[in-house]
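Report on the structure given below.
Computed over heavy atoms, backbone and side chain alike; hydrogens, waters and symmetry mates excluded. Residue numbering restarts at 1 for every chain, and letters A, B, ... go by the order of the sequence lines.
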2 protein chains.
Amino acid sequence: MAEREGGPRPGGRSARVQASVHRAVRALLARMDRAEVTIPLIAAEAGVTPSTIYRRWGELNELLADVAVERLRPDMGPVETGSGRGDLLAWAEQYAEEMSSGIGREMIRDVLAAEGAAGPRRCCGYARQQIATIAERAAARGEDFPDLDAVLDGVIAPILFRILFDEALGGKRVGELVEGVFAGVGRRSVPASA
Amino acid sequence: MAEREGGPRPGGRSARVQASVHRAVRALLARMDRAEVTIPLIAAEAGVTPSTIYRRWGELNELLADVAVERLRPDMGPVETGSGRGDLLAWAEQYAEEMSSGIGREMIRDVLAAEGAAGPRRCCGYARQQIATIAERAAARGEDFPDLDAVLDGVIAPILFRILFDEALGGKRVGELVEGVFAGVGRRSVPASA
DNA sequence: CTCCAAACGCAAATAATTTGCTTTTAGCGC
DNA sequence: GCGCTAAAAGCAAATTATTTGCGTTTGGAG
């Protein structure tokens with residue numbers, strides 16, 4: 001659990017190259033439009049030969065997705081507000097805002113555009129984990145908290161769907177979504193009252 | 001409303017080229033893996049020169065997205081079952097199934113990977129229109145029917161979110177989602193009972 | 001019918017990608 | 001430590017894709 005991924009050793013050449021390439025991608029992405037970023041450019045910025053990148057990542061999209069997934073990994077747990085509802089609301093609002101930004105949107109698209117389904121799954125897993133943390137805290141306090149799937153489908157899904165297909169949701173609507181999943185607590189899988 | 005888009009005249013050279021290229025893309029996509037499809041290949045299959053495609057679409061992704069959007073356009077209205085709930089359920093189940101298929105998934109990704117937001121918007125618009133039709137029919141029968149946005153966020157969003165980021169939902173879960181948006185009818189924007 | 005501009009075809013020039021081979025280097029047994 | 005081995009990187013040539021300049025075709029308007 002302490003290691004991140006890939007490289008045989010943190011300080012090895014392989015790891016150094018990967019770090020250098022990732023750094024180069026982030027730098028170029030910050031400096032110019034994504035459409036202008038090419039593998040030879042990244043290679044030059046990173047101080048490696050293009051063929052190294054081609055052999056390791058195959059194509060530009062894979063590399064961009066790799067970098068994006070890493071950037072999308074949350075660097076801290078969800079903030080605590082005192083209640084599960086407050087935690088979820090605060091987290092969802094921040095999540096929506098981060099993902100709605102230009103860079104956030106691009107990262108999501110990069111992740112989705114990559115070949116396998118591993119990238120998207122990992123991103124989904126990040127959100128899942130954050131919500132699970134909130135749910136556990138709520139459970140520890142003896143509160144009712146909606147199912148993980150209910151939150152994924154009722155809050156995360158609309159946020160990402162609108163970003164990708166329509167227009168990003170505002171904070172107000174996100175709040176309504178959170179209210180919605182709490183309104184439905186216990187309605188599913190609990191054969192009571194319906 | 002009778003014309004489709006683009007071309008000056010249905011039988012003109014421009015339209016002929018576009019049709020030929022689109023046909024070529026569909027043929028190649030059916031015959032081989034997407035990763036192997038290149039613009040020169042498409043050009044050869046379509047009987048045009050590559051530069052024509054480059055000038056018109058710019059890059060492979062744009063062309064693939066263009067073709068995908070066209071294929072994603074519904075070719076008929078939602079089936080009528082007698083009730084708004086039944087219509088929505090039937091439509092959502094078919095939608096989920098179509099989009100979950102390998103080809104559906106690929107088309108969505110192609111659309112999302114393209115530059116502008118026009119493609120995704122159009123796809124969202126297709127779904128919106130289908131739902132609006134169902135809603136109008138329900139209204140004409142005097143039934144209650146959820147808001148368009150409630151359906152988009154409560155049914156379409158989870159379906160697509162799971163396909164893109166996790167695992168496609170089964171028909172059972174889709175049914176639950178439809179039930180969910182009907183359970184919430186009138187709860188939003190109508191200041192009653194809460 | 002003639003003209004104009006947009007779209008296409010062609011081919012040369014440029015850039016990206018692949019590939020075979022050599023060199024470096026991290027991990028491993030001694 | 002000391003070599004050995006295999007994975008990963010560098011290098012350069014070959015291949016393939018993309019861009020571009022220019023001449024030609026063609027659809028639409030006067």
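The only option from Arg105(B), Arg71(B), Arg34(B) that meets the salt bridge (charged side-chain N to carboxylate O under 4.0 Å, His left out) definition with Asp110(B) turns out to be Arg34(B).
Ser51(B) contributes a side-chain N or O that forms a donor-acceptor pair with the base of dC10(C) under 3.5 Å. If you check distances only, the side chain of Arg55(B) does reach the base of dG9(C) with a donor-acceptor pair under 3.5 Å.
In this structure, Ser14(A) does not reach the dA8(D) phosphate: none of its side-chain N or O atoms is under 4.0 Å from OP1 or OP2. Under 4.0 angstrom from either OP1 or OP2 of dG9(C) there lies at least one side-chain N or O belonging to Thr49(B).
The side chain of Arg13(B) lies closest to dT25(D), out of dG9(C), dT17(C), dT25(D). The side chain of Val48(A) approaches dG10(D) more closely than any other nucleotide in the set dA16(C), dG10(D), dA7(C).
Rounding to the nearest 0.5 Å places CG of Asp144(A) at 10.0 Å from CZ of Arg85(A). With values rounded to the nearest 0.5 angstrom, Asp66(B) atom CG is found 8.5 Å from Glu62(B) atom CD.
Near DNA chain C, meaning a heavy atom under 4.0 Å away, there are no residues from residues 22-30 of chain B.
Comment: Asp166(A) engages Arg128(B) in a salt bridge, judged by a side-chain N to carboxylate O separation of less than 4.0 angstrom.
Ile42(A) has its CD1 atom 10 Å from the P atom of dT17(C), to the nearest Å. Between the CD atom of Glu59(B) and the P atom of dA16(C) there is a distance of 14 Å, rounded to whole Å. Taking atom CZ of Arg56(A) as the reference point, atom C1' of dT17(C) lies 19 Å away to the nearest angstrom. The interatomic distance linking Glu36(B) (CD) with dA17(D) (C1') rounds to 16 Å, in whole Å. Atom CG of Leu60(A) is separated from atom P of dT17(C) by 7 Å (rounded to the nearest Å). Going from atom CG of Asn61(A) over to atom P of dT17(C) covers 11 Å, rounded to whole Å. Between the CD1 atom of Ile39(B) and the P atom of dA15(C) there is a distance of 18 Å, given to the nearest Å.
Between Val37(B) and Val25(B) there is no side-chain heavy-atom pair separated by less than 4.5 Å. Counting only heavy atoms from C-beta outward, the side chains of Val21(A) and Thr52(A) never approach each other to under 4.5 Å.
Proximity of a side-chain donor or acceptor of Arg109(A) to a complementary backbone N or O of Leu164(A) within less than 3.5 Å is not detected.
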